[in-house]
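Note that the structure is predicted; figures quoted are calculated from it, not measured.
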Amino acid sequence: MRISTVTMFDQSVASMNRQQSDFLKVGQQIASGRRVVNPSDDPQAASRAVGVSQAMAVSQQFADARVSARNSLAQAESVLNSVSDAITSAKTLLVQASSDTLNDADRQSVASELRGIYETLIGQANASDGNGRYLFGGYQDSSPPFVRSADGVSYVGDDNARAQRVDASREMPVSDSGARIFNSVASGAGYLSEAGTLDADGTLTGSNGGNVRFSGPQVVNNADPNHGRAFRVDFTSDGVTHTYTVKMQDDNGDWVDTAPALNDEPYDPAGQTVEVGGLRLELQGTPQDGDGVKFATADEMNHDLFKTLEKALGVLENPAGTPTEKAELANTLRTTMRELDNGLDNVLTVRASMGARLNELDVIEAVGGNRMNNYEQTLSDLVDLDYSEAISEYSLRQVGLQAAQKAFVDVKGLSLFNYL
């Protein structure tokens, strides 16, 4: 067979081009560190790599969201820590103010400290995250959620809690509304009592004119069928003879007789015990006609933390010289101390909830980190280069190219004229 010179030249050039292409491809892989430089290198691996890369991007977004959620919860939890300390300090001051050894000047000093705590609590309730967003305003987080008015401090935020998606299947609340923190009581909070004149609906309309003091109520039988209802004690007096009537609130909100009925029962100013609904209320002192005491579950009574402190300040900043004023002072301090206990329990409950969410974030973060590691390993298996294998291939291709070049030089030099 005779092969023309042109054919030999074409085959030699094609061989060199193929060897050079393979050599350059390995060199490109080594330079990029990736086995799959172009989709054509391994279409299946390239396609799967795109999917894995998208999943990694989504996971990274959730990781960034978890950082933001953690910051929000940590800030709120820190503020609630200060709030619980402030409530504890307020309770300590009220215990101190309850001592009969204090005079009006002493109580004024206590009131000054208590007002400082009151102002501190307002500031904490209006705390922001440093970016102009108020922590406890719900969705209304662009303005202070608690505002002052002639009636005291009122909440103008909403009841929503901002939430953030921290994983594909978890949307986590990253805040709590100020209403839940400062205007609520924890579930299971006990009974509260409050002394004062009551209207037909059971709403306190003023202070008692007598000097009846109450203690309790204490739970003596929580299995009583009427346990959990609201009760009121109404006094009747002609100045000499005193009687009391106890009513309870039915499901319709009406005040009805208890069972057995306690109507116009004789009242002993030296000490009177009222037991109803599985509760025991101790009364002492002389009532005036129309005086009253109401006791009900905490969620039906005042659960506004700021109003609690305002009530305490109201009696501490005013003189308490007469028996009536002293009775009002004692009754108010007893009520407010119980309300502070309930408020503290509520704040601690919310704080514990935030702590639980921070712990949950740790778990989700660990799972997300493992998932990201798996993605990275999968992506590496798909497209990353095995350097030891690539370097061997590079050397082999280099030898191949050199051999092709040498063969071309030899073929090019073949000619009979060289021997003539």
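- When all heavy atoms of Phe136 and Ala76 are compared, the closest pair comes out as CE2-CB, 4.0 Å.
- Side-chain contact between Leu279 and Val219: present, with at least one pair of heavy atoms (C-beta onward) separated by less than 4.5 Å.
- Under the side chain to side chain donor-acceptor pair (under 3.5 Å) test applied with Arg229, the options Asp250, Asp251, Asp224 reduce to a single match, Asp251.
- Taking 4.5 Å as the limit, every side-chain heavy atom of Leu135 sits out of range of all side-chain heavy atoms of Ser175.
- In terms of modelled atom types and a separation under 3.5 Å, the side chain of Ser21 and the main chain of Asn17 share no donor-acceptor contact.
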Exercise for review: Let me see the working for Ser193 and Lys294 under side-chain contact (heavy atoms from CB on, under 4.5 Å), right down to the final yes or no.
Suggested key: CA-CA 6 Å; Ser193 302; Lys294 179 182 179 181; over 6 Å; no
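- A donor-acceptor pair is defined here as one N or O able to donate and one able to accept, closer than 3.5 Å; no such pair exists between the side chain of Asn38 and the backbone of Ser40.
- Here the two rings, on Tyr394 and Phe23, have centers that are under 6.0 Å apart.
- Look at Arg107 and Asp104 and you find a salt bridge, because one of the NZ, NE, NH1 or NH2 atoms lies within 4.0 Å of a carboxylate O, short of that distance.
- Within a 6.0 Å sphere centred on CD of Glu389, heavy atoms belonging to other residues, nucleotides or ligands number 12 at most.
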Practice item. Before giving the answer on side-chain contact (heavy atoms from CB on, under 4.5 Å), spell out for Thr273 and Arg280 the whole-Å C-alpha distance, their side-chain angles and the decisive distance to 0.1 Å. Key: CA-CA 7 Å; Thr273 299; Arg280 177 181 295 149; 3.5 Å; yes
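- The pair Lys247-Asp234 does not count as a salt bridge, with every side-chain nitrogen at least 4.0 angstrom from each carboxylate oxygen.
- For the pair Gln405 and Gln19, the minimum side-chain heavy-atom distance is 4.5 Å or more.
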Contacts table for residues 309-318: side-chain donor-acceptor under 3.5 angstrom, sequence neighbours left out:
from, atom 1, to, atom 2, distance (Å)
Glu310, OE2, Tyr118, OH, 2.6
Glu310, OE2, Val153, N, 3.4
Lys311, NZ, Glu194, OE2, 3.2
Lys311, NZ, Glu339, OE1, 3.2
Lys311, NZ, Glu339, OE2, 2.9
Glu317, OE1, Arg115, NH2, 3.3
Glu317, OE2, Arg115, NE, 3.0
Glu317, OE2, Arg115, NH2, 3.3
Asn318, ND2, Gly314, O, 2.5

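- Every residue two or more places apart in sequence or in another chain that forms a side-chain hydrogen bond (donor to acceptor under 3.5 Å, both in side chains) with Ser388 is listed here: Asp386.
- Between the side chain of Asn226 and the main chain of Gly278, no donor-acceptor pair closer than 3.5 Å is present.
- Ionic pairing of Asp176 and Arg162 is not present here: no N-O contact between side-chain nitrogen and carboxylate oxygen is shorter than 4.0 angstrom.
- The shortest distance between side-chain heavy atoms of Phe146 and Asn183 falls below 4.5 Å.
- Inspection of the Thr205 and Thr197 side chains reveals an N or O donor paired with an N or O acceptor under 3.5 Å.
- Side-chain N or O atoms of Asp41 include one that pairs as donor or acceptor with a backbone N or O of Val37 at under 3.5 Å.
- Without hydrogens or angle criteria, Asp129 side chain to Arg133 main chain gives a donor-acceptor distance under 3.5 Å.
- Arg334 contributes a side-chain N or O that, together with a main-chain N or O of Phe214, makes up a donor-acceptor pair within less than 3.5 Å.
- Ring centers of Tyr191 and His227: under 6.0 Å apart, within the cut-off.
- For Asp299 and Thr297, the side-chain atoms include at least one donor-acceptor pair closer than 3.5 Å.
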Review point. Could you go step by step and tell me if Val166 and Glu360 meet the side-chain contact (heavy atoms from CB on, under 4.5 Å) rule?
Key: CA-CA 10 Å; Val166 295; Glu360 184 183 353; over 6 Å; no
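- In this structure a side-chain-to-backbone donor-acceptor pair under 3.5 Å is missing from Asp167 to Ser169.
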Review point. Would Phe182 and Tyr155 satisfy ring pair (Phe, Tyr, Trp, His ring centres under 6.0 Å), going step by step from the backbone distance to the final call?
Key: CA-CA 9 Å; Phe182 299 96; Tyr155 181 65; 8.7 Å; no
Exercise for review: Begin from the C-alpha positions of Ile30 and Tyr387 and carry the test side-chain contact (heavy atoms from CB on, under 4.5 Å) through to its verdict.
Suggested key: CA-CA 7 Å; Ile30 292 175; Tyr387 272 98; 4.3 Å; yes
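- Annotation: side chain of Arg34 is not in contact with side chain of Gln29 (no heavy-atom distance under 4.5 Å).
- A donor-acceptor pair shorter than 3.5 Å cannot be found between the side chains of Gln44 and Ser47.
- Using a distance-only test at 3.5 Å, with no hydrogens or angles considered, no donor-acceptor pair links the side chain of Ser15 to the main chain of Gln11.
- Asp381 and Gln377 share a side-chain donor-acceptor pair at under 3.5 Å.
- Residues Asn126 and Pro145 share a closest heavy-atom pair of OD1-CD, 3.0 Å.
- In this structure, the side chains of Leu281 and Leu283 come closer than 4.5 Å at one or more pairs of heavy atoms.
- Between Tyr244 and Asp264, every side-chain heavy-atom pair lies at or beyond the 4.5 Å cut-off.
- A salt bridge links Arg35 to Asp42: one of the charged nitrogens lies within less than 4.0 Å of a carboxylate oxygen.
- A salt bridge links Lys307 with Asp304: at least one charged nitrogen is closer than 4.0 Å to a carboxylate oxygen.
- In this structure the side chain of Val293 reaches within 4.5 angstrom of the side chain of Phe235, judged on heavy atoms.
- Panel note: side chain Asn331, backbone Val212; a donor-acceptor pair is recorded below 3.5 Å.
- Between the side chains of Ser237 and Gln288, no donor-acceptor pair of N or O atoms lies under 3.5 Å.
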Check your understanding: Going through the checks in order, is the side chain to side chain donor-acceptor pair (under 3.5 Å) test met by Asp64 and Gln60?
Key -> CA-CA 6 Å; Asp64 295 341; Gln60 185 59 49; 3.1 Å; yes
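- Looking only at distances, no side-chain donor or acceptor of Asp141 sits under 3.5 Å from a matching main-chain atom of Gly137.
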